[in-house]
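Just so you know, ligand 1 is whichever comes first in the structure, and atom 1 is the first atom listed for that ligand.
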Amino acid sequence: MNFAPELISLLRGTSKLVALTGAGVSQESGLRTFRDAQTGLWAQYKPEELASPEAFRRDPKLVWDWYAWRREAVKGVRPNPGHYALAEMAKRVPEFILITQNVDGLHHMAGNRKLIELHGNIQRVRCAECYTLTETWGDDTESVPQCLVCGGLLRPDVVWFGEPLPRDQLEAAVEAARTCEVFFSIGTSGVVQPAASLAFAAHNRGAVVVEINAEPTPLTPKANYAFHGKSGEILPKLVTAVWENGR
Ligand code: APR
């Protein structure tokens, strides 16, 4: 795979790089995306029935069990070369910020620490009433476990449709996008707001935008560089070309 010499020298010289990732970056780890035809979760399940506060009020057990199933799926997988390449980039660029829409925790597992989890993390559970986070909950599979502080129902600490993103995480993400020199958009369909507006915010502030995605997205026309293929194949090659070859 050939990368433009201008992109290589830009990345070698950049001091602030921000990357936004979506479900596509975890696809090669064996996790399903959301909107891929047939294979995406939303092709089989209705998000409004499983990933919204209304759905939880209507049938908390159905929602709890669905996230328990996804949590088990995440436990069974490992980061892929795309995750590790991003962890490598974090070591090479003076200021590297990783913003993810993923709730799978694989970026952290791959070693990224400057991480903004915009949509929460499926391994965390909190009370739906008092927001108390809890590490442990009984293995009673008959009912949704309750909060030991207020007795409220426990729920995954993720952002559901119709819910606001955690303010501090969102503000940090917007600030990072507005002040970076290079913005990578990786493995995201770019249709869910406000995450989908971050690349445009970076573009409008003069950042160079690089898209890596299996297919074109609404961002593609604005991207300075667009690579359409698997992030687990493209990212390691890019890291090698920029930081390993000819240094
Ligand atoms: N490498 C790169 N891109 C890939 C790969 C891969 N191996 N496999 C799939 N893709 C691309 C798909 O072409 C698609 O454009 O990743 C994108 C995944 O898009 P979505 O399934 O819409 O996932 P995402 O953009 O992360 O969704 C955003 O929506 O459902 C909510 O909260 C959920 O965080 C999620 C948000």
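Between Lys237 and Glu233 there is no salt bridge, since none of the side-chain N atoms of the basic residue sits less than 4.0 Å from a carboxylate O of the acidic one. Using a cut-off of 4.0 Å between Lys/Arg side-chain N and Asp/Glu carboxylate O, Glu171 and Arg167 are scored as salt-bridged.
Aromatic pair Phe227/Phe3: ring centres closer than 6.0 Å.
On a distance-only criterion, Phe34 and ligand 1 share at least one N/O pair closer than 3.5 Å. When only interatomic distances are considered, the shortest N/O to N/O separation between His119 and ligand 1 falls below 3.5 Å. Some N or O of Ala23 is nearer than 3.5 Å to an N or O of ligand 1, by distance alone. Polar contact with ligand 1: present for Ser231 (N/O pair, distance under 3.5 Å). Polar contact check, Ala214 against ligand 1: a nitrogen or oxygen pair lies under 3.5 Å apart. Remark: ligand 1 and Gln101 share an N or O pair separated by less than 3.5 Å (distance only, no angle test).
In terms of protein heavy atoms, atom 5 (C) of ligand 1 is closest to Gly24 O, 3.4 Å. Nearest protein heavy-atom neighbour of atom 18 (C) of ligand 1: Gly187 O, 3.7 Å. Atom 36 (C) of ligand 1 has Val192 CG2, 3.8 Å as its closest protein atom, hydrogens excluded (heavy atom only). Looking from atom 12 (C) of ligand 1 to the surrounding protein, the closest heavy atom is Asp36 OD1, 3.4 Å. When hydrogens are left out, the protein atom nearest atom 13 (O) of ligand 1 is Glu215 OE2, 2.9 Å; that is the closest non-hydrogen contact. The protein non-hydrogen atom at the shortest distance from atom 30 (O) of ligand 1 is Trp42 NE1, 2.9 Å. Here the heavy atom of the protein found nearest to atom 25 (O) of ligand 1 is Thr188 OG1, 2.6 Å. At the top of the distance list for atom 27 (O) of ligand 1, counting protein heavy atoms only, stands Arg35 NH1, 3.0 Å.
At a threshold of 4.5 Å between non-hydrogen side-chain atoms, the residues Arg155 and Val63 do not count as touching. For the pair Thr100/Asn112, no side-chain contact is recorded, criterion being any heavy-atom separation below 4.5 Å from C-beta on. Under the 4.5 Å side-chain criterion, counting only non-hydrogen atoms from C-beta, Pro145 is in contact with Trp64.
Residue pairs that meet the salt bridge (Lys or Arg N to Asp or Glu O under 4.0 Å) test with at least one member in residues 183-210, sequence neighbours left out, do not exist here. Residue pairs that meet the salt bridge (Lys or Arg N to Asp or Glu O under 4.0 Å) test with at least one member in residues 123-137, sequence neighbours left out, are Glu117-Arg124, Arg124-Asp157, Arg126-Asp157.
The atoms of ligand 1 that sit less than 4.0 Å from any heavy atom of Thr33 are 9 (C), 21 (O). The atoms of ligand 1 that sit less than 4.0 Å from any heavy atom of Phe161 are 30 (O), 31 (C). Near Gly22, the atoms of ligand 1 lying under 4.0 angstrom from a non-hydrogen atom of the residue are 26 (O). Which parts of ligand 1 touch Gly229 is read off a 4.0 Å heavy-atom cut-off, strictly below it: atoms 1 (N), 2 (C).
Cluster membership check: Leu118 shares its hydrophobic cluster with Phe183, using side-chain heavy-atom separations under 4.5 Å among Ile, Leu, Val, Met, Phe, Trp and Tyr.
Between the side chains of Thr14 and Glu181, a donor-acceptor pair is found at a separation under 3.5 Å.
Judged by the shortest distance from any of its heavy atoms, Asn213 lies inside the 4.0 Å radius around the atoms of ligand 1. Residue contact annotation: Gly82 has no non-hydrogen atom under 4.0 Å from ligand 1.
The aromatic rings of His83 and His107 sit perpendicular to each other, their planes meeting at more than 60°, with 30° as the lower class boundary.
The residue among Gln27, Glu28, Lys230 with a heavy atom at the shortest distance from atom 8 (N) of ligand 1 is Gln27.
Separating the CD1 atom in Ile99 from the SG atom in Cys180 is a distance of 8.0 Å, to the nearest 0.5 Å. Atom CH2 of residue Trp66 and atom CG of residue Leu62 lie 9.5 Å apart, to the nearest 0.5 angstrom.
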